[in-house]
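Counting from 1, the numbers follow the sequence of the chain as shown. As the structure is a computational prediction, the values presented were derived from the model and not from experiment.
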Amino acid sequence: MTAPAAASAEAPAPAEAGTGADADVCANANAGANTAAPWRGLAVLLLAGFVTIFDLFVVNVAIPGMQAGLAASFAQVGFIVVGYELAFGVLLITGGRLGDLFGRRRLFAAGMAGFTAASALCGLAPGIGFLIGARVLQGLAAALLFPQVYASIRVNFAGDDSRRAFGLLGMTLGLAAIAGQVLGGWLVHADLFGLGWRNIFLINVPIGLFAIAAARCIPESRAPRRAALDWAGVALASAGLACLLVPLIAGPGQGWPAWSLAMPCAAAALLAGFWRQQEGRRMAGRLPLVDMRLLAQCRFALGATLVLLVYSTSSSFFLCFALLAQTGLGLDPFAAGSIFAPCSVGFVAASLAMPRLVARRGTAAIIAGAAVYAVSIGVLIAQVHAAGASLAPARLIPVLLAVGVGQGAIMTPLLNLVLGFVEQAQAGMASGVISTVQQVGAALGVAAVGILFRAALAGGDGAATQAGRYASAFVAGMLYNLAASLAVCGLLWALARRQRP
């Protein structure tokens, strides 16, 4: 699961609601008081949250169809996933700031319009390069849209209403992950109008048009403090991360040419420049995109590393399983999504149960969840390795359920734990950093697992069946996830020791 953790880049100070004739055209008998409108607006916000997270997950069940239909290489498949996640993650903080500056409802409508248009371009893509570019645009639009969902709930609901609204949002995002597997698989398998995988993107068009029209139900709000936008920081961070990830995805397929070895050096220089530029803004009294003093706090830095590792195992897992189930074992997209759905169900169930467990047991409950996650990944690897080409996908359902429980037991409480390390005044910026780390981690995981998966696929036994080759590649790729999950257990234990008096 890779749903972003945070909303606006500003600290959660209350914002003033917009006034005027357009402040709330959905208000009815309670004119002058926004009592009914926020709940109507919430339905629109939840719809937007659903489609952005749906598109994070739905693409996995469609990857084999895209690969066959567009003659895509493994590296290009990786870019379809990473392009969305990287664009989404890098601009999340800026998207929140734009909403604070120009109005959250206005940015919501603009982001939804961009997301709808980009979805249409994805659905109509004539080739793989066009699709990758459209996915990047879709991620950029999602980065404008998604922060307004959190920020609008934050400023328009208070007390018990706020807890109810955020609870509904959490449930909606969990359902979006499940729907990405099951509904997405059905859309591809049903082949409506002969469009195949294109339907997973084109379905966003009518939904987006409805959400744009209904955006008037969301009360307008802006931040009292309107910080200047740091476009230079955005450019440095984006270029640095791109130079880091592009060679990891494209380099192996081309035999690691010279450019793929030079780009990580350029990434280091760009990210060092980003650090200096952000410190320069802070010293000059201007609000930086990221206050680097956050990363100098040992517990927060350790927590950010944990988030990076945990989320690096998510998208890569979905991608490898989709390739194993569909390309390797020959399942149709709906069957593959249905088999994987228990993982999402386990995630939602554990996410709902963990707050009480963490309240009673503290960090020990999160460590236990991390242990369940690591053990379940190990069992999954052993089961696929032992069965090989004779693997019966339905037999994986129990361990997939356990994997989902492990994910849910660590991901959501880990975010709350890490954000609890910072002062209230830094909460908004810290949550923006963690949201970005989530998406960058997911992209990094796809790159790392892709290297192992592709190497095993290329170097496998030529006499092996398709199922056997993909089973071996899945095992190889998941070794990264196993190593990352074990590292998470160790780091959590170290973090728990630091928390002791």
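Here the CG-CZ distance, from Leu187 to Arg198, works out to 14.5 Å after rounding to the nearest 0.5 Å. Residue Leu444 holds its CG atom at 11.5 Å from OG1 of Thr313, rounded to the nearest 0.5 Å. To the nearest 0.5 Å, atom CG of residue Asn156 and atom CH2 of residue Trp39 are 11.0 Å apart. Going from atom CG of Asn60 over to atom CD1 of Ile80 covers 10.5 Å, rounded to the nearest 0.5 Å. Note: Leu107 CG to Arg97 CZ = 13.5 Å, rounded to the nearest 0.5 Å. In this structure, the separation between CG on Leu244 and CD1 on Ile249 is 9.5 Å, given to the nearest 0.5 Å.
Side-chain contact between Thr52 and Tyr84 is present, with heavy atoms from C-beta onward closer than 4.5 Å. A 4.5 Å side-chain heavy-atom check between Leu245 and Val446 finds every atom pair outside the cut-off. Between Met292 and Phe274, the closest side-chain pair of non-hydrogen atoms falls below 4.5 Å. For the pair Ile207 and Phe54, the minimum side-chain heavy-atom distance is 4.5 Å or more. The side-chain heavy atoms of Val59 and Phe318, taken from C-beta on, include no pair separated by under 4.5 Å. Two residues are said to be in side-chain contact when any heavy atoms from C-beta on lie closer than 4.5 Å; Met66 and Ile128 fail this criterion. Using a 4.5 Å cut-off on side-chain heavy atoms (C-beta onward), Phe300 and Val433 make contact. Side-chain contact between Gln148 and Met112: absent, with no pair of heavy atoms (C-beta onward) separated by less than 4.5 Å.
No donor-acceptor contact under 3.5 angstrom links the side chains of Gln181 and Ser344, judged on distance only. Neither side chain, Gln278 nor Arg281, offers a donor N or O lying under 3.5 Å from an acceptor on the other.
Under a 3.5 Å cut-off, the side chain of Asp191 and the backbone N or O of Gly196 do form a donor-acceptor pair. Side-chain atoms of Ser314 never come within 3.5 Å of backbone atoms of Val310 as a donor-acceptor pair (strictly under, hydrogens ignored). Judged by distance alone, with hydrogens and angles left aside, the side-chain atoms of Glu220 form a donor-acceptor pair with the main-chain N or O of Arg104 at under 3.5 Å.
Classification of Arg276 and Glu279 as a salt-bridged pair fails, no side-chain N sitting under 4.0 Å from a carboxylate O.
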Would Leu294 and Phe421 satisfy side-chain contact (heavy atoms from CB on, under 4.5 Å), going step by step from the backbone distance to the final call? CA-CA 10 Å; Leu294 276 175; Phe421 294 151; over 6 Å; no

Gln438 and Leu92: side-chain contact (heavy atoms from CB on, under 4.5 Å), yes or no, with the steps? CA-CA 11 Å; Gln438 284 179 263; Leu92 269 173; over 6 Å; no

Going through the checks in order, is the side-chain contact (heavy atoms from CB on, under 4.5 Å) test met by Phe108 and Leu145? CA-CA 5 Å; Phe108 176 93; Leu145 172 64; 3.5 Å; yes

Between Phe88 and Asp55, is a side-chain contact (heavy atoms from CB on, under 4.5 Å) present by the stated rule, with each step listed? CA-CA 11 Å; Phe88 193 5; Asp55 270 58; over 6 Å; no

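In this pair, Phe146 and Tyr150 present their aromatic rings tilted. The plane angle is within the 30 to 60° band. Ring pair Phe334/His189 is parallel by interplanar angle, where below 30° counts as parallel and above 60° as perpendicular.
Nearest heavy atoms, Pro413 versus Gly408: CD-O, 3.7 Å. Closest approach of Phe201 to Ser119, counting heavy atoms only: CB-O, 3.3 Å. Scanning both residues, Val205 and Ala120, for their nearest heavy atoms gives CG2-CB, 3.9 Å. Heavy atoms only, all atoms of each residue included: Tyr480 and Ser312 are closest at OH-OG, 2.8 Å. Contact record, Ser152 with Ile218: OG-CG2, 4.2 Å, taken as the closest heavy-atom pair. Residue Val149 comes nearest to Gly49 through the heavy atom pair CG2-N, 4.2 Å, listed as atom of the first residue, atom of the second, then distance.
The one candidate from Leu495, Leu417, Val418 that meets the side-chain contact (heavy atoms from CB on, under 4.5 Å) condition with Arg299 is Leu495.
More than 12 heavy atoms of other residues, nucleotides or ligands shown are found within 6.0 angstrom of CZ on Phe130.
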